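Letters A, B, ... are given to chains in the order of the sequence lines, protein chains preceding strands, and every chain is numbered from 1. In this text the structure is predicted, and so the values were computed from the model without any measurement.
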Protein chains: 2
Amino acid sequence: MKTLRLTSSDRAILINLRFFSRLPRTAQEAILEGATVSTHEAHDTLFRQDDPIDDVLVVLSGLVRLYRLGKDGREADVAVFQKGELIGVNAMFLDRRATANAQAAEPSIVARLESGKLRQLAAEDTGVAQALLELLCHHGKMAEDCLAEDRLLTAPQRVANYILSHCPIGSESFSFRLPFQKNVLAGKLGLAPEALSRAFSTLRRSGVVVKGRMIEIRDRQALEQF
Amino acid sequence: MKTLRLTSSDRAILINLRFFSRLPRTAQEAILEGATVSTHEAHDTLFRQDDPIDDVLVVLSGLVRLYRLGKDGREADVAVFQKGELIGVNAMFLDRRATANAQAAEPSIVARLESGKLRQLAAEDTGVAQALLELLCHHGKMAEDCLAEDRLLTAPQRVANYILSHCPIGSESFSFRLPFQKNVLAGKLGLAPEALSRAFSTLRRSGVVVKGRMIEIRDRQALEQF
DNA sequence: GAAGTTGTTTGATGCGGGTCAATTCATGAC
DNA sequence: GTCATGAATTGACCCGCATCAAACAACTTC
(Lines give C-alpha, C1' and ligand atoms only; values in the text may rest on other atoms or scores of the structure.)
Protein backbone atom coordinates (compact mmCIF):
# COMPACT_ATOMS: atom_id res chain seq x y z
CA MET A 1 0.00 0.00 0.00
CA LYS A 2 1.29 3.39 -1.00
CA THR A 3 -0.04 6.86 -0.27
CA LEU A 4 -0.45 9.38 -3.06
CA ARG A 5 -1.74 12.80 -3.97
CA LEU A 6 -4.99 13.33 -5.89
CA THR A 7 -4.45 13.47 -9.63
CA SER A 8 -6.71 15.65 -11.70
CA SER A 9 -8.61 12.68 -13.06
CA ASP A 10 -9.15 11.46 -9.49
CA ARG A 11 -10.60 14.85 -8.66
CA ALA A 12 -12.88 14.55 -11.67
CA ILE A 13 -14.24 11.25 -10.40
CA LEU A 14 -14.92 12.64 -6.96
CA ILE A 15 -16.52 15.80 -8.21
CA ASN A 16 -18.90 13.83 -10.39
CA LEU A 17 -20.32 11.91 -7.44
CA ARG A 18 -24.02 12.62 -7.03
CA PHE A 19 -23.71 14.14 -3.64
CA PHE A 20 -20.54 16.03 -4.40
CA SER A 21 -22.02 18.16 -7.12
CA ARG A 22 -24.59 19.49 -4.66
CA LEU A 23 -21.94 21.05 -2.50
CA PRO A 24 -20.92 24.68 -2.65
CA ARG A 25 -17.45 25.03 -4.06
CA THR A 26 -15.93 25.87 -0.72
CA ALA A 27 -17.22 22.65 0.82
CA GLN A 28 -15.94 20.67 -2.16
CA GLU A 29 -12.51 22.10 -1.57
CA ALA A 30 -12.72 21.33 2.12
CA ILE A 31 -13.45 17.68 1.43
CA LEU A 32 -10.81 17.34 -1.24
CA GLU A 33 -8.38 19.01 1.11
CA GLY A 34 -8.78 16.31 3.72
CA ALA A 35 -8.84 13.45 1.24
CA THR A 36 -6.04 10.94 1.02
CA VAL A 37 -5.37 8.45 -1.73
CA SER A 38 -3.76 5.06 -1.59
CA THR A 39 -2.95 2.27 -4.02
CA HIS A 40 -3.45 -1.39 -3.24
CA GLU A 41 -2.36 -4.68 -4.67
CA ALA A 42 -4.89 -7.37 -5.44
CA HIS A 43 -5.88 -9.14 -2.20
CA ASP A 44 -4.81 -6.25 0.01
CA THR A 45 -7.14 -5.79 2.93
CA LEU A 46 -8.52 -2.26 3.30
CA PHE A 47 -10.23 -2.85 6.61
CA ARG A 48 -11.60 -5.69 8.66
CA GLN A 49 -14.97 -6.37 10.17
CA ASP A 50 -15.46 -4.47 13.45
CA ASP A 51 -12.53 -2.19 12.75
CA PRO A 52 -13.34 1.38 13.70
CA ILE A 53 -13.43 3.36 10.46
CA ASP A 54 -13.41 7.10 10.22
CA ASP A 55 -13.38 7.46 6.46
CA VAL A 56 -15.67 6.89 3.58
CA LEU A 57 -13.83 5.14 0.77
CA VAL A 58 -14.27 6.00 -2.87
CA VAL A 59 -13.00 3.61 -5.51
CA LEU A 60 -10.99 5.60 -8.04
CA SER A 61 -9.90 2.58 -10.04
CA GLY A 62 -9.93 -1.14 -9.66
CA LEU A 63 -12.37 -3.14 -7.59
CA VAL A 64 -13.15 -3.61 -3.92
CA ARG A 65 -14.89 -6.65 -2.51
CA LEU A 66 -16.84 -6.50 0.74
CA TYR A 67 -17.27 -9.82 2.48
CA ARG A 68 -18.13 -11.45 5.79
CA LEU A 69 -16.46 -14.44 7.35
CA GLY A 70 -18.25 -17.52 8.60
CA LYS A 71 -17.17 -19.29 11.75
CA ASP A 72 -15.52 -21.93 9.57
CA GLY A 73 -13.54 -19.32 7.65
CA ARG A 74 -15.69 -19.35 4.54
CA GLU A 75 -16.19 -15.98 2.84
CA ALA A 76 -19.44 -14.53 1.61
CA ASP A 77 -19.45 -11.41 -0.52
CA VAL A 78 -22.01 -8.81 0.44
CA ALA A 79 -21.06 -6.23 -2.17
CA VAL A 80 -18.59 -5.39 -4.91
CA PHE A 81 -17.65 -1.80 -5.59
CA GLN A 82 -16.41 -0.36 -8.85
CA LYS A 83 -15.02 2.97 -9.90
CA GLY A 84 -16.92 5.87 -8.42
CA GLU A 85 -18.73 3.95 -5.69
CA LEU A 86 -18.76 4.79 -1.98
CA ILE A 87 -17.88 2.32 0.74
CA GLY A 88 -18.71 2.72 4.40
CA VAL A 89 -21.59 5.15 4.29
CA ASN A 90 -23.59 2.91 6.59
CA ALA A 91 -20.88 2.84 9.21
CA MET A 92 -20.64 6.62 9.10
CA PHE A 93 -24.14 6.97 10.55
CA LEU A 94 -24.09 3.98 12.84
CA ASP A 95 -21.39 2.94 15.27
CA ARG A 96 -18.50 3.75 12.91
CA ARG A 97 -17.37 0.18 12.81
CA ALA A 98 -17.02 -1.87 9.70
CA THR A 99 -19.75 -4.42 9.20
CA ALA A 100 -17.58 -6.51 6.89
CA ASN A 101 -14.09 -6.98 5.50
CA ALA A 102 -12.97 -4.97 2.49
CA GLN A 103 -10.39 -6.30 0.09
CA ALA A 104 -9.03 -5.09 -3.23
CA ALA A 105 -10.04 -7.66 -5.83
CA GLU A 106 -7.52 -6.29 -8.29
CA PRO A 107 -4.91 -3.53 -8.21
CA SER A 108 -6.90 -0.55 -7.03
CA ILE A 109 -6.73 3.07 -6.03
CA VAL A 110 -9.06 4.41 -3.37
CA ALA A 111 -9.67 7.83 -1.90
CA ARG A 112 -10.52 8.29 1.75
CA LEU A 113 -12.84 11.11 2.75
CA GLU A 114 -13.12 12.10 6.38
CA SER A 115 -16.51 10.85 7.45
CA GLY A 116 -16.68 13.31 10.31
CA LYS A 117 -16.55 16.16 7.86
CA LEU A 118 -19.13 14.48 5.65
CA ARG A 119 -21.49 13.94 8.54
CA GLN A 120 -21.15 17.54 9.44
CA LEU A 121 -21.91 18.63 5.90
CA ALA A 122 -24.97 16.39 5.85
CA ALA A 123 -26.11 17.97 9.09
CA GLU A 124 -25.70 21.50 7.71
CA ASP A 125 -26.80 21.15 4.11
CA THR A 126 -30.06 19.39 3.29
CA GLY A 127 -28.89 18.99 -0.30
CA VAL A 128 -26.05 16.79 0.87
CA ALA A 129 -28.36 14.87 3.14
CA GLN A 130 -30.75 14.45 0.25
CA ALA A 131 -28.04 13.06 -1.98
CA LEU A 132 -26.98 10.62 0.72
CA LEU A 133 -30.58 9.58 1.28
CA GLU A 134 -30.94 8.78 -2.38
CA LEU A 135 -27.67 6.90 -2.38
CA LEU A 136 -28.69 4.82 0.62
CA CYS A 137 -32.09 4.06 -0.85
CA HIS A 138 -30.39 2.89 -3.98
CA HIS A 139 -28.13 0.66 -1.91
CA GLY A 140 -31.19 -0.60 -0.10
CA LYS A 141 -32.88 -1.53 -3.32
CA MET A 142 -29.78 -3.33 -4.56
CA ALA A 143 -29.58 -5.31 -1.35
CA GLU A 144 -33.23 -6.25 -1.61
CA ASP A 145 -32.71 -7.34 -5.21
CA CYS A 146 -29.77 -9.41 -4.18
CA LEU A 147 -31.61 -11.14 -1.36
CA ALA A 148 -34.59 -11.89 -3.57
CA GLU A 149 -32.34 -13.26 -6.31
CA ASP A 150 -30.58 -15.50 -3.85
CA ARG A 151 -33.84 -16.89 -2.63
CA LEU A 152 -35.72 -17.19 -5.89
CA LEU A 153 -33.27 -17.94 -8.66
CA THR A 154 -31.04 -20.84 -9.60
CA ALA A 155 -27.46 -20.28 -10.62
CA PRO A 156 -28.14 -20.09 -14.37
CA GLN A 157 -31.04 -17.72 -13.74
CA ARG A 158 -28.87 -15.40 -11.69
CA VAL A 159 -26.27 -15.36 -14.40
CA ALA A 160 -28.88 -14.76 -17.09
CA ASN A 161 -30.16 -11.88 -15.02
CA TYR A 162 -26.73 -10.42 -14.63
CA ILE A 163 -26.12 -10.58 -18.34
CA LEU A 164 -29.46 -9.02 -19.15
CA SER A 165 -28.78 -6.20 -16.72
CA HIS A 166 -25.91 -5.26 -19.02
CA CYS A 167 -27.99 -5.42 -22.15
CA PRO A 168 -29.16 -2.11 -23.58
CA ILE A 169 -32.95 -2.12 -23.79
CA GLY A 170 -34.37 -3.04 -27.15
CA SER A 171 -31.36 -4.77 -28.59
CA GLU A 172 -31.92 -8.38 -29.49
CA SER A 173 -28.31 -9.48 -29.64
CA PHE A 174 -25.19 -7.86 -28.28
CA SER A 175 -21.95 -8.48 -26.49
CA PHE A 176 -19.92 -7.00 -23.67
CA ARG A 177 -16.84 -7.56 -21.59
CA LEU A 178 -17.09 -8.68 -17.99
CA PRO A 179 -15.90 -5.83 -15.78
CA PHE A 180 -13.99 -8.24 -13.54
CA GLN A 181 -12.77 -11.79 -13.18
CA LYS A 182 -15.27 -14.64 -13.18
CA ASN A 183 -13.97 -15.36 -9.75
CA VAL A 184 -15.37 -12.11 -8.49
CA LEU A 185 -18.60 -12.42 -10.42
CA ALA A 186 -19.17 -15.80 -8.79
CA GLY A 187 -18.75 -14.28 -5.34
CA LYS A 188 -21.03 -11.39 -6.17
CA LEU A 189 -23.74 -13.78 -7.30
CA GLY A 190 -23.29 -15.95 -4.24
CA LEU A 191 -21.88 -18.89 -6.17
CA ALA A 192 -18.76 -20.99 -6.11
CA PRO A 193 -16.59 -20.35 -9.18
CA GLU A 194 -17.36 -23.85 -10.40
CA ALA A 195 -21.07 -23.20 -10.24
CA LEU A 196 -20.65 -20.03 -12.31
CA SER A 197 -18.71 -21.94 -14.90
CA ARG A 198 -21.41 -24.58 -15.11
CA ALA A 199 -24.10 -21.94 -15.31
CA PHE A 200 -22.36 -20.39 -18.32
CA SER A 201 -22.17 -23.74 -19.99
CA THR A 202 -25.88 -24.28 -19.34
CA LEU A 203 -26.64 -20.92 -20.91
CA ARG A 204 -24.70 -21.82 -24.05
CA ARG A 205 -27.79 -23.74 -25.10
CA SER A 206 -29.69 -20.43 -24.93
CA GLY A 207 -27.36 -18.59 -27.25
CA VAL A 208 -24.79 -17.25 -24.82
CA VAL A 209 -21.23 -17.40 -26.11
CA VAL A 210 -18.43 -16.99 -23.58
CA LYS A 211 -14.85 -16.39 -24.68
CA GLY A 212 -12.62 -15.35 -21.83
CA ARG A 213 -14.16 -12.21 -20.43
CA MET A 214 -16.23 -11.53 -23.53
CA ILE A 215 -19.91 -12.42 -23.35
CA GLU A 216 -22.06 -12.56 -26.47
CA ILE A 217 -25.83 -12.86 -26.51
CA ARG A 218 -27.57 -14.19 -29.58
CA ASP A 219 -31.11 -14.73 -28.35
CA ARG A 220 -32.33 -12.35 -25.74
CA GLN A 221 -35.78 -13.92 -25.52
CA ALA A 222 -34.37 -17.27 -24.53
CA LEU A 223 -32.37 -15.65 -21.76
CA GLU A 224 -35.30 -13.69 -20.38
CA GLN A 225 -37.49 -16.68 -19.80
CA PHE A 226 -34.81 -18.90 -18.44
CA MET B 1 -59.99 -3.27 4.84
CA LYS B 2 -61.53 -0.49 6.90
CA THR B 3 -60.47 3.11 7.37
CA LEU B 4 -60.24 4.60 10.85
CA ARG B 5 -59.23 7.62 12.86
CA LEU B 6 -56.01 7.73 14.87
CA THR B 7 -56.49 6.59 18.45
CA SER B 8 -54.39 8.14 21.14
CA SER B 9 -52.23 5.05 21.49
CA ASP B 10 -51.66 5.13 17.73
CA ARG B 11 -50.49 8.68 18.09
CA ALA B 12 -48.16 7.62 20.86
CA ILE B 13 -46.56 5.03 18.58
CA LEU B 14 -46.03 7.54 15.81
CA ILE B 15 -44.67 10.23 18.05
CA ASN B 16 -42.13 7.83 19.49
CA LEU B 17 -40.60 7.11 16.09
CA ARG B 18 -36.97 8.21 16.02
CA PHE B 19 -37.42 10.75 13.31
CA PHE B 20 -40.71 12.01 14.60
CA SER B 21 -39.40 13.23 17.89
CA ARG B 22 -36.99 15.50 16.05
CA LEU B 23 -39.78 17.48 14.50
CA PRO B 24 -41.09 20.76 15.81
CA ARG B 25 -44.58 20.34 17.18
CA THR B 26 -46.18 22.11 14.26
CA ALA B 27 -44.66 19.69 11.80
CA GLN B 28 -45.72 16.76 13.91
CA GLU B 29 -49.27 18.01 13.78
CA ALA B 30 -49.04 18.51 10.04
CA ILE B 31 -48.00 14.92 9.53
CA LEU B 32 -50.58 13.50 11.88
CA GLU B 33 -53.17 15.65 10.17
CA GLY B 34 -52.56 14.01 6.83
CA ALA B 35 -52.26 10.50 8.22
CA THR B 36 -54.84 7.84 7.57
CA VAL B 37 -55.26 4.53 9.34
CA SER B 38 -56.62 1.27 8.08
CA THR B 39 -57.17 -2.22 9.43
CA HIS B 40 -56.39 -5.36 7.51
CA GLU B 41 -57.20 -9.03 7.77
CA ALA B 42 -54.46 -11.59 7.65
CA HIS B 43 -53.39 -12.12 4.02
CA ASP B 44 -54.69 -8.75 2.88
CA THR B 45 -52.44 -7.18 0.30
CA LEU B 46 -51.34 -3.63 1.13
CA PHE B 47 -49.62 -2.96 -2.14
CA ARG B 48 -48.08 -4.84 -5.00
CA GLN B 49 -44.68 -4.73 -6.59
CA ASP B 50 -44.37 -1.83 -9.06
CA ASP B 51 -47.47 -0.13 -7.69
CA PRO B 52 -46.95 3.59 -7.40
CA ILE B 53 -46.98 4.40 -3.69
CA ASP B 54 -47.31 7.86 -2.24
CA ASP B 55 -47.29 6.94 1.41
CA VAL B 56 -44.94 5.63 3.99
CA LEU B 57 -46.60 2.92 6.03
CA VAL B 58 -46.19 2.56 9.76
CA VAL B 59 -47.24 -0.66 11.44
CA LEU B 60 -49.37 0.23 14.45
CA SER B 61 -50.21 -3.35 15.33
CA GLY B 62 -49.88 -6.74 13.74
CA LEU B 63 -47.33 -7.75 11.18
CA VAL B 64 -46.55 -6.91 7.57
CA ARG B 65 -44.59 -9.17 5.27
CA LEU B 66 -42.69 -7.80 2.28
CA TYR B 67 -42.01 -10.33 -0.45
CA ARG B 68 -41.06 -10.70 -4.08
CA LEU B 69 -42.52 -13.13 -6.57
CA GLY B 70 -40.51 -15.46 -8.74
CA LYS B 71 -41.52 -16.20 -12.32
CA ASP B 72 -42.91 -19.52 -11.14
CA GLY B 73 -45.07 -17.85 -8.50
CA ARG B 74 -42.87 -18.74 -5.54
CA GLU B 75 -42.61 -16.09 -2.84
CA ALA B 76 -39.45 -14.88 -1.14
CA ASP B 77 -39.67 -12.65 1.90
CA VAL B 78 -37.35 -9.68 1.89
CA ALA B 79 -38.47 -8.19 5.19
CA VAL B 80 -40.98 -8.51 8.01
CA PHE B 81 -42.19 -5.41 9.81
CA GLN B 82 -43.51 -5.23 13.35
CA LYS B 83 -45.13 -2.55 15.42
CA GLY B 84 -43.47 0.81 15.00
CA GLU B 85 -41.55 0.05 11.82
CA LEU B 86 -41.63 2.06 8.61
CA ILE B 87 -42.36 0.58 5.21
CA GLY B 88 -41.60 2.22 1.90
CA VAL B 89 -38.90 4.69 2.84
CA ASN B 90 -36.76 3.49 -0.04
CA ALA B 91 -39.49 4.08 -2.57
CA MET B 92 -40.01 7.57 -1.25
CA PHE B 93 -36.58 8.67 -2.44
CA LEU B 94 -36.42 6.59 -5.59
CA ASP B 95 -39.04 6.21 -8.27
CA ARG B 96 -41.96 5.97 -5.82
CA ARG B 97 -42.82 2.49 -6.91
CA ALA B 98 -42.99 -0.50 -4.64
CA THR B 99 -40.04 -2.85 -4.99
CA ALA B 100 -42.03 -5.73 -3.52
CA ASN B 101 -45.44 -6.90 -2.40
CA ALA B 102 -46.69 -6.09 1.07
CA GLN B 103 -49.12 -8.33 2.86
CA ALA B 104 -50.54 -8.39 6.37
CA ALA B 105 -49.31 -11.60 7.99
CA GLU B 106 -51.90 -11.32 10.72
CA PRO B 107 -54.71 -8.91 11.52
CA SER B 108 -52.98 -5.54 11.42
CA ILE B 109 -53.45 -1.82 11.66
CA VAL B 110 -51.26 0.49 9.63
CA ALA B 111 -50.94 4.24 9.37
CA ARG B 112 -50.17 5.95 6.10
CA LEU B 113 -48.10 9.11 6.12
CA GLU B 114 -47.93 11.27 3.01
CA SER B 115 -44.47 10.70 1.64
CA GLY B 116 -44.53 13.98 -0.25
CA LYS B 117 -44.86 15.83 3.01
CA LEU B 118 -42.12 13.73 4.58
CA ARG B 119 -39.76 14.36 1.70
CA GLN B 120 -40.39 18.03 2.03
CA LEU B 121 -39.67 17.93 5.75
CA ALA B 122 -36.44 16.05 5.11
CA ALA B 123 -35.48 18.72 2.61
CA GLU B 124 -36.15 21.53 5.06
CA ASP B 125 -35.00 20.10 8.35
CA THR B 126 -31.59 18.45 8.60
CA GLY B 127 -32.67 16.78 11.83
CA VAL B 128 -35.33 14.87 9.97
CA ALA B 129 -32.91 14.01 7.21
CA GLN B 130 -30.46 12.84 9.84
CA ALA B 131 -33.02 10.57 11.44
CA LEU B 132 -33.92 9.09 8.09
CA LEU B 133 -30.26 8.58 7.25
CA GLU B 134 -29.80 6.64 10.46
CA LEU B 135 -32.91 4.62 9.80
CA LEU B 136 -31.76 3.73 6.31
CA CYS B 137 -28.29 2.80 7.49
CA HIS B 138 -29.85 0.54 10.03
CA HIS B 139 -31.95 -1.06 7.32
CA GLY B 140 -28.83 -1.42 5.24
CA LYS B 141 -27.03 -3.22 7.99
CA MET B 142 -29.96 -5.55 8.53
CA ALA B 143 -30.05 -6.37 4.85
CA GLU B 144 -26.32 -7.06 4.83
CA ASP B 145 -26.70 -9.31 7.86
CA CYS B 146 -29.49 -11.15 6.16
CA LEU B 147 -27.57 -11.69 2.96
CA ALA B 148 -24.51 -12.90 4.82
CA GLU B 149 -26.60 -15.27 6.93
CA ASP B 150 -28.21 -16.71 3.84
CA ARG B 151 -24.87 -17.36 2.28
CA LEU B 152 -22.93 -18.57 5.29
CA LEU B 153 -25.29 -20.39 7.62
CA THR B 154 -27.26 -23.60 7.50
CA ALA B 155 -30.87 -23.70 8.60
CA PRO B 156 -30.16 -24.71 12.21
CA GLN B 157 -27.46 -22.05 12.45
CA ARG B 158 -29.83 -19.35 11.25
CA VAL B 159 -32.41 -20.41 13.78
CA ALA B 160 -29.83 -20.53 16.56
CA ASN B 161 -28.79 -17.03 15.58
CA TYR B 162 -32.33 -15.81 15.63
CA ILE B 163 -32.90 -17.25 19.08
CA LEU B 164 -29.67 -15.77 20.40
CA SER B 165 -30.61 -12.37 19.03
CA HIS B 166 -33.52 -12.46 21.44
CA CYS B 167 -31.39 -13.47 24.38
CA PRO B 168 -30.47 -10.75 26.85
CA ILE B 169 -26.70 -10.54 27.12
CA GLY B 170 -25.19 -12.40 30.02
CA SER B 171 -28.04 -14.73 30.73
CA GLU B 172 -27.19 -18.38 30.37
CA SER B 173 -30.68 -19.77 30.12
CA PHE B 174 -33.93 -18.01 29.33
CA SER B 175 -37.13 -18.27 27.37
CA PHE B 176 -39.31 -16.11 25.18
CA ARG B 177 -42.36 -16.20 23.00
CA LEU B 178 -42.05 -16.04 19.22
CA PRO B 179 -43.50 -12.73 18.07
CA PHE B 180 -45.23 -14.41 15.12
CA GLN B 181 -46.18 -17.73 13.58
CA LYS B 182 -43.44 -20.18 12.67
CA ASN B 183 -44.73 -19.84 9.19
CA VAL B 184 -43.60 -16.25 9.10
CA LEU B 185 -40.33 -16.93 10.87
CA ALA B 186 -39.51 -19.52 8.24
CA GLY B 187 -40.08 -16.99 5.48
CA LYS B 188 -38.04 -14.36 7.24
CA LEU B 189 -35.12 -16.77 7.56
CA GLY B 190 -35.43 -17.84 3.95
CA LEU B 191 -36.60 -21.33 4.78
CA ALA B 192 -39.54 -23.54 3.96
CA PRO B 193 -41.70 -24.16 7.04
CA GLU B 194 -40.63 -27.80 7.03
CA ALA B 195 -36.99 -26.81 7.16
CA LEU B 196 -37.64 -24.57 10.15
CA SER B 197 -39.38 -27.39 11.92
CA ARG B 198 -36.46 -29.71 11.29
CA ALA B 199 -34.01 -27.07 12.42
CA PHE B 200 -35.85 -26.75 15.73
CA SER B 201 -35.75 -30.48 16.20
CA THR B 202 -32.01 -30.48 15.48
CA LEU B 203 -31.51 -27.77 18.09
CA ARG B 204 -33.37 -29.79 20.68
CA ARG B 205 -30.15 -31.71 21.11
CA SER B 206 -28.49 -28.42 22.09
CA GLY B 207 -30.92 -27.61 24.85
CA VAL B 208 -33.62 -25.75 22.95
CA VAL B 209 -37.15 -26.60 24.05
CA VAL B 210 -39.99 -25.61 21.75
CA LYS B 211 -43.59 -25.70 22.92
CA GLY B 212 -45.95 -23.95 20.58
CA ARG B 213 -44.67 -20.40 20.32
CA MET B 214 -42.63 -20.63 23.49
CA ILE B 215 -38.89 -21.11 23.09
CA GLU B 216 -36.71 -22.09 26.02
CA ILE B 217 -32.92 -22.09 26.03
CA ARG B 218 -31.05 -24.24 28.51
CA ASP B 219 -27.48 -24.05 27.22
CA ARG B 220 -26.48 -20.84 25.58
CA GLN B 221 -22.92 -21.98 24.89
CA ALA B 222 -24.06 -24.93 22.83
CA LEU B 223 -26.23 -22.64 20.74
CA GLU B 224 -23.49 -20.10 20.11
CA GLN B 225 -21.07 -22.53 18.62
CA PHE B 226 -23.58 -24.41 16.55
C1' DG C 1 11.20 -19.73 -25.12
C1' DA C 2 10.51 -22.73 -20.14
C1' DA C 3 8.49 -22.89 -15.68
C1' DG C 4 5.78 -21.26 -12.15
C1' DT C 5 1.57 -18.96 -10.73
C1' DT C 6 -3.16 -18.02 -10.94
C1' DG C 7 -7.66 -18.39 -13.05
C1' DT C 8 -11.09 -21.54 -15.29
C1' DT C 9 -13.27 -25.73 -16.60
C1' DT C 10 -14.82 -30.54 -15.99
C1' DG C 11 -15.95 -34.70 -13.47
C1' DA C 12 -17.42 -37.31 -9.31
C1' DT C 13 -19.57 -37.20 -4.92
C1' DG C 14 -22.23 -35.72 -0.86
C1' DC C 15 -25.05 -32.63 1.87
C1' DG C 16 -28.64 -29.26 2.54
C1' DG C 17 -32.87 -28.12 1.99
C1' DG C 18 -37.08 -27.71 -1.27
C1' DT C 19 -41.25 -30.22 -2.43
C1' DC C 20 -45.01 -33.46 -1.96
C1' DA C 21 -47.95 -36.25 0.86
C1' DA C 22 -49.63 -37.87 5.07
C1' DT C 23 -50.33 -37.19 10.00
C1' DT C 24 -50.78 -34.87 14.13
C1' DC C 25 -51.78 -30.78 16.63
C1' DA C 26 -54.37 -26.18 17.60
C1' DT C 27 -57.83 -23.17 17.17
C1' DG C 28 -61.97 -21.74 16.68
C1' DA C 29 -67.32 -22.27 15.18
C1' DC C 30 -71.38 -24.08 16.32
C1' DG D 1 -68.88 -31.91 22.99
C1' DT D 2 -68.11 -32.46 17.39
C1' DC D 3 -66.50 -30.74 13.36
C1' DA D 4 -63.83 -27.87 10.35
C1' DT D 5 -59.93 -25.23 9.12
C1' DG D 6 -55.38 -24.04 9.22
C1' DA D 7 -50.61 -24.76 11.46
C1' DA D 8 -46.84 -27.69 12.49
C1' DT D 9 -44.46 -31.89 12.15
C1' DT D 10 -42.56 -36.09 10.00
C1' DG D 11 -41.08 -39.07 6.28
C1' DA D 12 -39.64 -39.97 1.43
C1' DC D 13 -37.64 -38.24 -2.43
C1' DC D 14 -35.04 -35.35 -5.47
C1' DC D 15 -32.53 -31.37 -7.24
C1' DG D 16 -29.13 -27.79 -6.92
C1' DC D 17 -24.97 -26.57 -5.66
C1' DA D 18 -20.69 -26.83 -2.59
C1' DT D 19 -16.72 -29.43 -2.27
C1' DC D 20 -12.74 -32.05 -3.63
C1' DA D 21 -9.61 -33.36 -7.17
C1' DA D 22 -7.62 -33.07 -11.47
C1' DA D 23 -6.95 -31.39 -16.06
C1' DC D 24 -6.45 -27.07 -18.75
C1' DA D 25 -5.74 -22.36 -20.03
C1' DA D 26 -3.84 -17.86 -19.53
C1' DC D 27 -0.42 -14.83 -17.63
C1' DT D 28 4.01 -13.73 -15.30
C1' DT D 29 8.66 -14.00 -14.57
C1' DC D 30 12.96 -15.23 -15.61
Side-chain angles (χ1 to χ4, degrees), chain A residues 41-44 63 65 67 70-77 103-107 148-160 177-205 208-215 226, chain B residues 41-43 63 65 67 70-77 103-107 149-160 177-205 208-215 226:
Chain A
E41 307 283 314
H43 304 120
D44 273 10
L63 205 62
R65 201 169 71 88
Y67 65 95
K71 277 197 281 289
D72 52 1
R74 275 195 5 269
E75 302 180 351
D77 287 25
Q103 179 190 57
E106 54 183 59
E149 278 199 9
D150 267 31
R151 293 185 170 179
L152 286 172
L153 304 184
T154 66
Q157 289 174 321
R158 284 181 227 179
V159 177
R177 186 180 153 80
L178 290 176
F180 33 65
Q181 287 184 316
K182 292 184 183 160
N183 226 345
V184 178
L185 178 57
K188 182 178 155 77
L189 297 179
L191 299 173
E194 297 95 321
L196 175 64
S197 186
R198 281 185 247 269
F200 272 133
S201 97
T202 298
L203 292 178
R204 244 198 306 273
R205 267 156 266 161
V208 175
V209 183
V210 180
K211 256 249 204 66
R213 277 201 191 176
M214 287 304 299
I215 309 288
F226 200 94
Chain B
E41 308 282 316
H43 304 119
L63 204 63
R65 201 169 71 87
Y67 65 95
K71 280 197 280 290
D72 51 2
R74 271 190 14 264
E75 301 180 352
D77 287 25
Q103 180 191 56
E106 53 182 61
E149 277 200 10
D150 267 32
R151 293 185 171 180
L152 286 172
L153 305 184
T154 66
Q157 289 175 321
R158 283 181 227 181
V159 176
R177 188 181 151 80
L178 290 177
F180 32 66
Q181 287 184 317
K182 293 184 183 160
N183 226 346
V184 178
L185 177 58
K188 181 178 156 79
L189 297 179
L191 298 173
E194 296 95 321
L196 176 65
S197 188
R198 280 185 250 270
F200 272 132
S201 96
T202 298
L203 292 179
R204 244 198 306 273
R205 267 156 267 162
V208 175
V209 183
V210 180
K211 253 246 205 71
R213 277 201 190 178
M214 286 304 298
I215 309 288
F226 200 94

Reported CG-to-OG distance for the pair A:L196 and A:S201, which is rounded to 0.5 angstrom: 10.5 Å
task: Mind calculating the distance between CG (A:D150) and P (C:dG17) to the nearest angstrom?
output: 14 Å
query: Residues from residues 180-187 of chain A sitting under 4.0 Å of DNA chain C, heavy atoms only?
result: A:Q181, A:K182, A:N183
Nearest-0.5 Å distance, CG of residue B:L152 to CG of residue A:D72: 7.5 Å
query: Roughly how far, to the nearest 0.5 Å, is CG of A:L178 from CD1 of A:I215?
result: 4.0 Å
- prompt: Does A:K71 make a cation-pi contact with B:F226, if we ask for NZ or CZ under 6.0 Å from the ring centre and within 45° of the axis?
  reply: no
- prompt: A:A105 and A:V184: which non-hydrogen atoms are nearest, and at how many Å?
  reply: CB-CG2, 4.0 Å
query: Roughly how many Å is it from CG in B:L191 to P in C:dT19, rounded to a whole number?
result: 11 Å
task: Sort out for me which residue in B:L153, B:L185, B:L203 forms a side chain to side chain contact (heavy atoms under 4.5 Å, CB included) with B:V159.
output: B:L203
query: Taking only N and O in the side chain of B:R74, is any of them less than 4.0 Å away from OP1 or OP2 of C:dT19?
result: yes
query: A:E106 CD to C:dG7 P: how many Å, rounded?
result: 11 Å
Candidate list B:R65, B:H43, B:E75, test side chain to side chain donor-acceptor pair (under 3.5 Å), partner B:Q103, passing option: B:R65
message: Once you apply a heavy-atom cut-off of 4.0 Å, does B:L196 come out as touching a base, just sugar-phosphate, or nothing?
response: nothing
field: Distance-minimising heavy-atom pair for B:D150 and B:R158
entry: O-NH2, 3.6 Å
query: Does A:E194 or A:T154 map to a spot on DNA chain D nearer the 5' end, using the closest nucleotide for each?
result: A:T154
message: Tell me the interatomic distance from A:L203, atom CG, to C:dT9, atom P, rounded to whole angstroms.
response: 12 Å
statement: Outermost contacting nts on DNA chain D, any atom under 4.0 Å from chain B heavy atoms, listed 5' then 3', are D:dA7 to D:dA12
message: I need the CD1-P distance between A:I215 and C:dT8, as an integer number of Å.
response: 11 Å
- request: Write down the distance between CZ (B:R198) and P (C:dG18), rounded to a whole number of angstrom.
  value: 9 Å
query: Do any N or O atoms from the side chain of B:R177 and from the backbone of B:R213 form a donor-acceptor pair under 3.5 angstrom?
result: no
Whole-Å distance separating the CZ atom of B:R213 from the C1' atom of C:dC25: 15 Å
